[in-house]
Amino acid sequence: MHGLVERVEEAARVIRDRSPITPRVGIILGTGLGGLASQIEDRTIIQYTAIPHFPESTVESHAGQLVLGRISGVPVVAMEGRFHFYEGYSMQQVTFPVRVMKALGVDTLIVTNAAGGMNPQYELADVMVIEDHINMMGDNPLRGRNDDRLGPRFPDLCEPYDRKLIALTRQCALELGIPCQKGVFVAVAGPNLETRAEYRMLRGMGADVVGMSTVPEAIVAAHCGLRVLGFSIVTDICLPDALEPVDIQKILAVAATGGDRLSRLIPRVLERLSEAG
Ligand code: HPA
């Protein structure tokens, strides 16, 4: 059994052999938010199954591929389909692609997700840029022996989401006329949606939205020194005292609207990336 560093390097080597792109920005596209991938130019598509050590897909995560190319001239590598903890993957498996992105040369990670809105000011299909997070998943991708070649034993998380990127994003959203909230994301393990009592607790903790992903990837990104920009799309309204049953079809339709907004916003942010140093 190879160590993590060797597995990451093997996966990166196969990707390098398949694409001439040296990506600078990594993008993880959340549920229903894959639209941006179609805007990638000069693209190379690599199925996850062709990449050594990538987790094997479960039934739920069938459409898994890596897309390398350019958006607004910036070389990117995008994950169309992510690995979720609720599918049964370990935290290490969920975050393996982030380590591979880092090995490919990425210095900035953009993560997106569909989330439940608990802040009463939020509306369906709102874009929320993630300012901070709370890990309520009950696990951590850094648990276990630490390899100092990958990052420190006790990584600092005082600012896991880059402040300059947040400011640039909000400016771009304003210019494009896209409503853009800023708030705290709390991650739960899932796969069930929350009870009323849980939404009340999570809101009371200080979270604005809740979802089942993103935090593991953001923790590993911080561990290996990537700047992170995170987005949630509010796909359902989760006010504990006025909660309605969720309809997954409705969530996906709302995600599509939010995804269209991200597909306009992210290219603009990439176009102006140099302004965020
Ligand atoms: N809870 C958790 N995850 C979610 C939700 C939610 O209400 N909506 C979309 N993803």
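Note that this is a predicted model, so its numbers are computed, not measured. FYI, side chains are in, hydrogens and waters are out, and symmetry mates aren't considered; it's all heavy atoms of this structure. In listed order, ligands and their atoms are each counted from 1.
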inquiry  = Ring-plane angle category for F54 and Y48, please: parallel below 30°, perpendicular beyond 60°, tilted otherwise.
reply    =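 Geometry flag for Y48 against F54: tilted rings.
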Subset of ligand 1 atoms that lie under 4.0 Å from at least one heavy atom of [X]:
{"X": "C238", "result": "7 (O)"}
{"X": "L193", "result": "1 (N), 2 (C), 4 (C), 5 (C), 6 (C), 7 (O)"}
{"X": "M212", "result": "2 (C), 3 (N)"}
{"X": "T235", "result": "8 (N), 9 (C)"}
{"X": "Y199", "result": "1 (N), 6 (C), 7 (O)"}
{"X": "E194", "result": "1 (N), 2 (C), 6 (C), 7 (O)"}

Heavy-atom distance under 4.5 Å between the side chains of [X] and [Y], does that happen here?
{"X": "M212", "Y": "F85", "value": "no"}
{"X": "R272", "Y": "C172", "value": "yes"}
{"X": "P179", "Y": "R261", "value": "yes"}

request  = Please report which non-hydrogen protein atom sits nearest to atom 4 (C) of ligand 1, along with the residue it belongs to and the distance in Å to one decimal place.
outcome  =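 Closest protein heavy atom to atom 4 (C) of ligand 1: V210 O, 3.6 Å.
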task = Start with the C-alpha distance between E194 and R203, add both sets of side-chain angles, then the distance that settles salt bridge (Lys or Arg N to Asp or Glu O under 4.0 Å), and finish with yes or no.
result = CA-CA 12 Å; E194 287 64 45; R203 177 68 182 141; over 6 Å; no
request  = Would you check whether I251 has a nitrogen or oxygen atom less than 3.5 angstrom from a nitrogen or oxygen atom of ligand 1?
outcome  =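 It does not: no N or O of I251 is found under 3.5 Å from an N or O of ligand 1.
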Side-chain donor/acceptor pairs under 3.5 Å, residues 101-112, sequence neighbours excluded:
residue	atom	partner	partner atom	Å
K102	NZ	C224	O	3.0
D107	OD2	R24	NE	3.2
T108	OG1	R227	NE	3.2
T108	OG1	R227	NH2	3.2
T112	OG1	I28	O	3.0
T112	OG1	G30	N	2.8

inquiry  = Hydrogens and angles aside, do Y122 and Q181 bring a side-chain donor and acceptor to less than 3.5 Å of each other?
reply    =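 Y122 vs Q181: no donor-acceptor pair found between side chains.
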query = Is ligand 1 under 4.0 Å from a heavy atom in the side chain of A114, in the backbone, in both, or in neither?
reply =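 Backbone only.
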ask   = Counting only heavy atoms, which portion of D236 has something under 4.0 Å from ligand 1: side chain, backbone, both, or neither?
value =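 For D236, only side-chain atoms sit under 4.0 Å from ligand 1.
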